[in-house]
Amino acid sequence: MAVSPEPPSPSWPQVAQDFDLPQQCTWLNSCGIAPMPRPVLAAVKAHLDAYAHRGIFAMRSEPELERAIASRIEELLHAEAGSVAPIHHTTEGMTFVSLGLRLEAGARIALMANEYPSNVYPWQHWEGKGVELATVADGPTPDAVLDSARQTLTPNTRVLSVSAVHWCTGMPLPLEDLGALCAERDVLFVVDGAQGVGHVPIDVAAQGIGVLAFSAWKWLMGPLGLGGLYIRPDLVDRLAFPFKGTGSVVDDQVYLPYRDAIKAGTSRYVLSTPSFTDWAHFDASLTYLRQLGLEAVRARVQQLADHLAAGLKALGFTLARDAFAPARSAIVAARHSRIEAKRWVELLATRNIVTAERLGWLRMAPHVHLTEDDLDRVLQTLAAMTE
């Protein structure tokens, strides 16, 4: 599909002024939950004010708002029109797809080791039906993951489901190579895009992705409790559809007589009345990021991560990213021989610096609300703690 041209690169210190959160703390956990910029907050307030004063008639129609969100995500993923729908979160999307598959006993589903639960739990019901859940090693390099996948994808394997970016180390997975491997072996390639969408380049066609589910509240700065689901158009009708709801049918605004005709695309998974406030929030965050330039934002968070990583190495930290270079990630996972990662998180929290511990790594993820000066203050704090 056509991609809109990128706007001129913004002034990043000026962009950082769009956020109130840095005045309260140094938020380095945007791969968990990203902050909300003031323009998005203003849009959500305007939506609620209009609703309070004029009710439902002040709101954009459900089809209009749904299409606005979906079309922007389709553009971001280089996806076909009608292939994306706003849903609640990654787990919901994975569950829709898992329950829609038609697998026989003896089939195999391959998942990645140390995966986030949203890409594990939705598949576990298959174990009670004679389907094997196999494990692909999770690193420490993209090549190691690819080699493990080659060994794990047996003739009985029907699905490979992995994350675009490892949630603990920040390692981007070799999606194009994995997609080609799945195509070669007739395996459905499913991707958990929670840590990937808006963070690393994703092209569902070029990477052979059949299904992708993601959350909105990480790199896309959207609301908690909202996400997206992409299903390649030729797969939609091959999946069983056990969740028929008011919003799943053709002409869903006409309630009687009941109908059996299901919507043609992924929109069928918007089962009923959505949270319009969340949709307004997500539409505003996507608009904000698009105005900045999605490619420019992606380059900026990588730049910030590189700045942070260089400072950490100078302080004697070991970085997970060194093993998977030259792959780029804005998630910086670090270890230091003197203090365990969990203790680092606790110590930094006393200085209003928010990080996370994952698999023994101190995990940090800057977004455009931060500047190099903010990161230098974090590094100065760490330096004082290591003396």
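We number each residue from 1, following the sequence as shown.
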Above 12 or not: heavy atoms from other molecules or residues under 6.0 Å from [atom1] of [X]?
X      : atom1 : value
Asp260 : CG    : no
Gln14  : CD    : no
Gln124 : CD    : yes
Asp234 : CG    : yes

Can you name the residues that form a side-chain hydrogen bond (donor to acceptor under 3.5 Å, both in side chains) with Ser148, not counting sequence neighbours?
-> none
Would you please name every residue forming a side-chain hydrogen bond (donor to acceptor under 3.5 Å, both in side chains) with Trp12, sequence neighbours left out?
-> none
Qualifying residues under ring-ring contact (aromatic ring centres under 6.0 Å, His included), relative to [X], sequence neighbours excluded:
X      : answer
Phe317 : His336, Trp344
Trp279 : none
Tyr51  : none
His281 : none

If hydrophobic clusters are built by linking Ile, Leu, Val, Met, Phe, Trp and Tyr wherever their side-chain heavy atoms come under 4.5 Å apart, do [X] and [Y] end up in the same one?
X      : Y      : answer
Val165 : Leu212 : yes
Leu178 : Leu77  : yes
Ile109 : Leu235 : yes
Leu375 : Phe19  : no
Leu224 : Leu41  : no

Side-chain hydrophobic cluster, 4.5 Å single linkage: members besides Tyr116 = Trp167
Which ILVMFWY residues can you reach from Trp361 by hopping between side chains whose heavy atoms are under 4.5 Å apart?
-> Leu359
Measuring from [X]:[atom1] to [Y]:[atom2], what's the distance to the nearest 0.5 Å?
X      : Y      : atom1 : atom2 : result
His88  : Ser215 : NE2   : OG    : 13.5 Å
Leu239 : Leu101 : CG    : CG    : 6.0 Å
His367 : Leu28  : NE2   : CG    : 12.5 Å
Ile231 : Ile209 : CD1   : CD1   : 13.5 Å
Arg358 : His166 : CZ    : NE2   : 11.5 Å
Asp18  : Met36  : CG    : CE    : 13.0 Å

Hydrogens and angles aside, do [X] and [Y] bring a side-chain donor and acceptor to less than 3.5 Å of each other?
X      : Y      : answer
Gln195 : Ser163 : no
Thr157 : Thr154 : yes
Thr287 : Arg72  : yes
Thr26  : Asp374 : no
Gln303 : Arg300 : yes

How about [X] and [Y]: do any of their side-chain heavy atoms sit closer than 4.5 Å?
X      : Y      : value
Pro174 : Asp143 : no
Leu65  : Phe282 : no
Glu115 : Asp138 : no
Arg158 : Glu104 : no
Ile33  : Asn29  : no
Cys168 : Asn114 : no
Leu370 : Val378 : no
Ser30  : Pro366 : no

Partners of [X] by side-chain contact (heavy atoms from CB on, under 4.5 Å), sequence neighbours excluded?
X      : value
Thr246 : Tyr255, Ser272
Phe241 : Lys244, Ser248, Ile262, Arg268, Tyr269, Leu271
Arg185 : Arg150, Leu153, Leu181, Val187

So, for [X] and [Y], which heavy atoms are closest and what is the spacing to 0.1 Å?
X      : Y      : result
Thr266 : Leu229 : CG2-O, 3.5 Å
Leu111 : Val120 : CD1-CA, 4.2 Å
Ala194 : Phe214 : N-CB, 3.8 Å
His89  : Ile87  : O-CD1, 3.4 Å
Gly139 : Val145 : N-CG2, 3.6 Å
Thr371 : Ala16  : CG2-CB, 3.8 Å

State whether the side chain of [X] and the backbone N or O of [Y] hold a donor-acceptor pair below 3.5 Å, judged by distance alone.
X      : Y      : answer
Lys263 : Val250 : no
Ser329 : Gly170 : yes
Glu74  : Gly82  : yes
Ser71  : Arg67  : yes
Glu127 : Leu133 : no
Arg108 : Thr152 : yes
His369 : Pro22  : no
Arg321 : Ile331 : no
Trp126 : Ser98  : yes
Gln207 : Asp203 : yes

Less than 4.0 Å between a side-chain N and a carboxylate O, is that true for Arg259 and Asp252?
-> no
Is it true that Lys45 and Asp49 have a side-chain N and a carboxylate O under 4.0 angstrom from each other?
-> no
What pairs of donor and acceptor atoms, side-chain ones from residues 348-356 against any protein atom, are under 3.5 angstrom apart with sequence neighbours left out?
| unit_1 | atom_1 | unit_2 | atom_2 | d |
| --- | --- | --- | --- | --- |
| Thr350 | OG1 | Leu347 | O | 2.5 |

